[in-house]
Amino acid sequence: MLDRNVVARPALIEADQIAAIAKALAHPARVKIITFLLSKPGCIGGDIVDQVGLAQSTVSEHLRILKDAGIVTGTIDYPRVCYALDPSALAPIRDLIEAIAARPAEGEAPCCFTPQVCVSKETCE
């Protein structure tokens, strides 16, 4: 957890990597796959198709996208491929979310100067 007094610098956050992770997480079928992998310890193979309820080719494409983002790893254990989650791949997006969460609440620190609206000369003095 980040210290509320220390906020990560945006320059240190890899924007392209965060965008790739967010894009990989942005489809309900991929969220289902991740949720299924979370529910099972170790490596999961062919059970994913049955659990997600999509065609094998569609599941394979979603797994490819998750693997490209680094969220899922796949190892070949002939005759099947074994899939598992890599939680460390989520570090960039987790750091960004923690940096956002560490910002003071709107009422705690002003972020902008709001000029006073003058209705008459007396209210602006």
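Side-chain atoms are counted along with the backbone in the values below, which use heavy atoms only and exclude waters and symmetry mates.
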Under the side-chain contact (heavy atoms from CB on, under 4.5 Å) test, residues paired with [X] that sit two or more places apart:
X: Val49; value: Gln56, Val59
X: Ala69; value: Ala24, Ile71
X: Lys40; value: Phe36, Ile44

Only pairs at least two apart or in different chains count here, so list each salt bridge (Lys or Arg N to Asp or Glu O under 4.0 Å) that has a residue in residues 57-69.
Glu61-Arg64, Arg64-Asp68
Please list all pairs meeting salt bridge (Lys or Arg N to Asp or Glu O under 4.0 Å) that have one or both residues in residues 30-39, counting only residues at least two apart or in different chains.
none
Going only through I, L, V, M, F, W and Y residues with side-chain contacts under 4.5 Å, is there a path from Ile34 to Ile97?
yes
Would Ile65 end up clustered with Leu38 when hydrophobic side chains under 4.5 Å apart are linked, directly or stepwise?
no
Using side chain to side chain donor-acceptor pair (under 3.5 Å) as the criterion, list what pairs up with Ser57, not counting sequence neighbours.
none
If the condition is side chain to side chain donor-acceptor pair (under 3.5 Å), which residues does Thr58 pass it with, not counting sequence neighbours?
none
Please find the pair of heavy atoms, one from Leu37 and one from Tyr83, that lie closest to each other, and give the distance.
CD2-O, 3.9 Å
Residues 84-92 side chain polar contacts: donor-acceptor under 3.5 Å, at least two apart:
{"from": "Asp86", "atom 1": "OD1", "to": "Ser88", "atom 2": "N", "distance (Å)": "3.3"}
{"from": "Asp86", "atom 1": "OD1", "to": "Ser88", "atom 2": "OG", "distance (Å)": "2.7"}
{"from": "Asp86", "atom 1": "OD2", "to": "Ser88", "atom 2": "OG", "distance (Å)": "3.4"}

Measuring from [X]:[atom1] to [Y]:[atom2], what's the distance to the nearest 0.5 Å?
X: Ile21; Y: Glu14; atom1: CD1; atom2: CD; answer: 10.5 Å
X: Leu96; Y: Gln17; atom1: CG; atom2: CD; answer: 11.5 Å
X: Ile18; Y: Ile93; atom1: CD1; atom2: CD1; answer: 6.5 Å
X: His62; Y: Leu54; atom1: NE2; atom2: CG; answer: 6.0 Å

